[in-house]
Amino acid sequence: MIALYLLINTILDLFFWVLILSAILSWLVAFNVVNTRNRAVYLIGDFLYRITEPVLRPIRRVLPNMGGLDLSPIVVLLAISFIQNLMAQYWPRF
């Protein structure tokens, strides 16, 4: 059971950091710091988009339009932290 807990916690940690990287890359692209015509930047951005978009899309439908400010990554990050805290609190210890 502890191995399953550690696996789920590690997956949630990795997704937490993927969300942060995706947000940072989107800001860098929006402010023209990096250019998506660069093949490496495009591939990284595409990978991050494909990984995060299935989770963020349903939340974007529910959240009201904030005029260009996307709060869905913040909601997902808070949800991940909440789930990790719940697991740490209620997971059976042997």
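These numbers come from the heavy atoms of this one structure, side chains and all, not from hydrogens, waters or symmetry mates. The first residue in the sequence is number 1, and the count goes up from there.
- Linking ILVMFWY residues whenever their side-chain heavy atoms come closer than 4.5 Å, directly or via other members, places L12 and W17 in the same cluster.
- Using a 4.5 Å cut-off on side-chain heavy atoms (C-beta onward), F15 and V55 make contact.
- No side-chain heavy atom of S26 sits less than 4.5 Å from a side-chain heavy atom of Y49.
- Remark: Y5 OH is packed, more than 12 non-hydrogen atoms of other residues, nucleotides or ligands lying under 6.0 Å away.
- Within the structure, salt bridge (charged side-chain N to carboxylate O under 4.0 Å, His left out) contacts touching residues 64-80 (residues at least two apart or in different chains) are R60-D70.
- Linking Ile, Leu, Val, Met, Phe, Trp and Tyr residues whenever their side-chain heavy atoms come within less than 4.5 Å places L78 and M87 in a single cluster.
- Hydrophobic clustering places I44 together with V33 (ILVMFWY residues linked when any side-chain heavy atoms are closer than 4.5 Å, directly or through intermediates).
- Within the 4.5 Å cutoff, side-chain heavy atoms of L4 are placed close to those of W91.
- More than 12 non-hydrogen atoms from other residues, nucleotides or ligands lie less than 6.0 angstrom from CZ of R57.
- Contact between S72 and I59 at its shortest, heavy atoms only, is CB-CG2, 3.7 Å.
- Scanning both residues, T36 and V41, for their nearest heavy atoms gives CA-CG1, 4.2 Å.
- With rounding to the nearest 0.5 Å, the separation of CE in M1 from CG in L6 is 12.0 Å.
- Under the 4.5 Å side-chain criterion, counting only non-hydrogen atoms from C-beta, L71 is in contact with L69.
- Nearest heavy atom pair, residue Q84 against residue N9, reads NE2-OD1, 2.9 Å.
- Of all non-hydrogen atoms in L25 and G45, the two that sit nearest each other are CD2-CA, 3.4 Å.
- Distance check: I20 CD1 to L48 CG gives 12.0 Å after rounding to the nearest 0.5 Å.
- Counting heavy atoms from C-beta on, the side chains of I80 and L19 come closer than 4.5 Å.
- A distance of 8.5 Å separates OG in S22 from CD in E53, rounded to the nearest 0.5 Å.
- I11 and F16 are not part of a single hydrophobic cluster, where members link through side-chain heavy atoms under 4.5 Å apart.
- With rounding to the nearest 0.5 angstrom, the OG1 atom of T52 is 10.5 Å from the CG atom of L21.
- Connection of I24 to F47 is established within a shared hydrophobic cluster, with ILVMFWY side chains joined at heavy-atom distances below 4.5 Å, either directly or through further cluster members.
- N85 contributes atom CG, which lies 11.0 Å from atom OH of Y90 (distance to the nearest 0.5 angstrom).
- Atom OG of residue S81 and atom CG of residue L86 lie 11.0 Å apart, to the nearest 0.5 angstrom.
- N38 has its side chain out of reach of V34: every pair of non-hydrogen atoms, C-beta onward, lies at least 4.5 Å apart.
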